[in-house]
Amino acid sequence: MTRISSFDDTMPCPLLLIGAGHSHLVALRNWIYNGYRVPVGSVLVSPDASAWYSGMMPGLIAERFTPAECAVELEPLCRAAGLRLVTDEAVGLRASERYLTLGSGQALHYDLLSLNVGSVPPGPRITDHSVKVVPAKPFAGFIEQWQHWQQHAPPRELTILGAGPAAFELALAFRNSLPDSAITLITGSTLLHGQPQGLIKRARGLLQQRDISLIEGMRVSAIKEKVLLCGEEPVQAADALVLATGASAPAWLAQSGLSCDQQGFVTIGNTLQSENFPNVLASGDCSSLAGAQRSGVYAVRQGSILAANIPALIQGAALQPYRPQSNALALLSTADGRALMSYGPLSAGGKLIGKWKDHLDVGFMQRHRLTS
Ligand SMILES: Cc1cc2nc3c(=O)[nH]c(=O)nc-3n(C[C@H](O)[C@H](O)[C@H](O)COP(=O)(O)OP(=O)(O)OC[C@H]3O[C@@H](n4cnc5c(N)ncnc54)[C@H](O)[C@@H]3O)c2cc1C
């Protein structure tokens, strides 16, 4: 692993990629495949030396995959594309000065910046810290905590906040790997809100079969003396709380000078450029564009557009527009080799769909993995 301990920050990076999310992985793979080399001095910043693939995370927690199967090593990819890998994280950005600060305190100037830093699940704002709170992202910390529970002391009462696809899949997965924990899903909304009724019915049946409690219409806002509260109302006792609540924007983006929406996500146009700084691109969960949803499927599609538009910006060529698809395939693993699926109003479930999901996920990893 190459660790860069110091920079010549007087020289701007011609291209600075922040975060090894789905979009950057796809762009890197595309460049390598097509023989494109980024300009000399370009850098990728990632807190981890590997990129975790969220689609396989529930399979990892269900003990169907090993950690190594769910991650892509970044160093070989960076080397093949001509990038330097810096294992650090961005903590501040001044877009008007083209200047980015890293957690280590070092700074990088850039000509062209691409942000693909994902999102973090929001949690209750008020807490007395009596319950261990574990966000599902970043994955490295989440996996470490899960391994600790597995090997040492599983929580007696494990609650998962959220009831979207990720929360549902994680609940079933925890049931496999922490069989002695009582598991509860809590949502301010309803289970798998927005999915077809057929899929929701199957999902409810599975939760019941696997002895997972579901509490709907309760927005947990506080934690006090090991109890989760909705306003003042006690909802559930908990020893540990996993957050799978959807996406909130990394806080440092709001102070960057980049135009952001009300939730703090970077607003972009259909070339994936920032609305007010055209030398900054943003993709995946950290960006905001009408019609694009925050899911891996959309981030992957944006990766192909980045792969074309970053070289085009460097060469002064025409840019490609990104058009979000109106429907996306959803595949939800049920921790037993099977999966549920939906596409628009259609839904189905079973073993064949599980095999198909595994095939797609493992194929994605194989395409993006280069050996050292
Ligand atoms: C358990 C779970 C399962 C999911 N399953 C699916 C699924 O099956 N299908 C689907 O479509 N979506 C799924 N999602 C949603 C999906 O994870 C996200 O929508 C998707 O990962 C967004 O991709 P991205 O490219 O924006 O960034 P991500 O893939 O989230 O990656 C962001 C990267 O940026 C890095 N980073 C973060 N902050 C910084 C920083 N300050 N500096 C440098 N680097 C940083 C992170 O380490 C990470 O590597 C799931 C989510 C969860 C929690």
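Order of listing sets the numbers, starting from 1, for every ligand and every atom in it. Hydrogens, waters and symmetry mates are skipped; everything else that's a heavy atom, side chains included, is used. Sequence positions, counted from 1, serve as the residue numbers for this chain.
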Identify which of Ser54, Ala173, Ala20, Pro121 has a heavy atom lying nearest to atom 4 (C) of ligand 1. Ser54
What protein heavy atom is closest to [atom], reported as residue, atom name and distance in Å?
atom                    : value
atom 39 (C) of ligand 1 : Val117 CG1, 3.7 Å
atom 2 (C) of ligand 1  : Ala166 CB, 3.5 Å
atom 42 (N) of ligand 1 : Ala90 N, 2.9 Å
atom 35 (C) of ligand 1 : Gly19 CA, 3.9 Å
atom 31 (O) of ligand 1 : Gly21 CA, 3.1 Å
atom 8 (O) of ligand 1  : Gly55 CA, 3.6 Å

Look up atom [atom1] in [X] and atom [atom2] in [Y], then write down how far apart they are to the nearest 0.5 Å.
X      : Y      : atom1 : atom2 : value
Ile212 : Ile160 : CD1   : CD1   : 7.0 Å
Leu17  : Ile310 : CG    : CD1   : 5.5 Å
Asn116 : Ser283 : CG    : OG    : 4.0 Å
Leu228 : Ile186 : CG    : CD1   : 5.0 Å

Tell me whether Arg210 forms a cation-pi arrangement with Phe174, defined as NZ or CZ under 6.0 Å from the six-membered ring centre and within 45 degrees of its axis. no
Would you check the N or O atoms of [X], main chain and side chain alike, for any that come under 3.5 Å of an N or O of ligand 1?
X      : result
Lys137 : yes
Asn116 : yes
Asp285 : yes
His22  : yes
Gly296 : yes
Ala136 : no

Counting only heavy atoms not in His193, do more than 12 fall under 6.0 Å of its NE2? no
For the CD atom on Glu63, are there more than 12 heavy atoms of other groups (residues, nucleotides or ligands in this structure) within a distance under 6.0 Å? yes
Which ligand 1 atoms, with their elements, are less than 4.0 angstrom from a heavy-atom of [X]?
X      : value
Arg294 : 19 (O)
Ile18  : 42 (N), 43 (C)
Ser23  : 25 (O)
Gly284 : 26 (O)
Pro47  : 43 (C), 44 (N), 45 (C), 47 (O)
Val297 : 11 (O)

Are Asn279 and Asp111 side-chain neighbours, meaning at least one heavy-atom pair lies under 4.5 Å? no
Validation row, ring centre Trp31 to ring centre Tyr36 under 6.0 Å: yes
What part of Ala299, side chain, backbone, both or neither, has a heavy atom within less than 4.0 angstrom of ligand 1? side chain
Return yes if some donor-acceptor pair links the side-chain N/O of [X] with the main-chain N/O of [Y] below 3.5 Å, else return no.
X      : Y      : value
Thr334 : Arg338 : yes
Asp261 : Thr267 : no
Asn276 : Ser259 : yes

Are there protein heavy-atom neighbours of atom 27 (O) of ligand 1 below 4.0 Å? yes
Please state whether Trp252 comes within less than 4.0 angstrom of ligand 1, counting heavy atoms only. yes
How close do Met56 and Asp361 get, counting heavy atoms only, and between which atoms? CG-CB, 3.6 Å
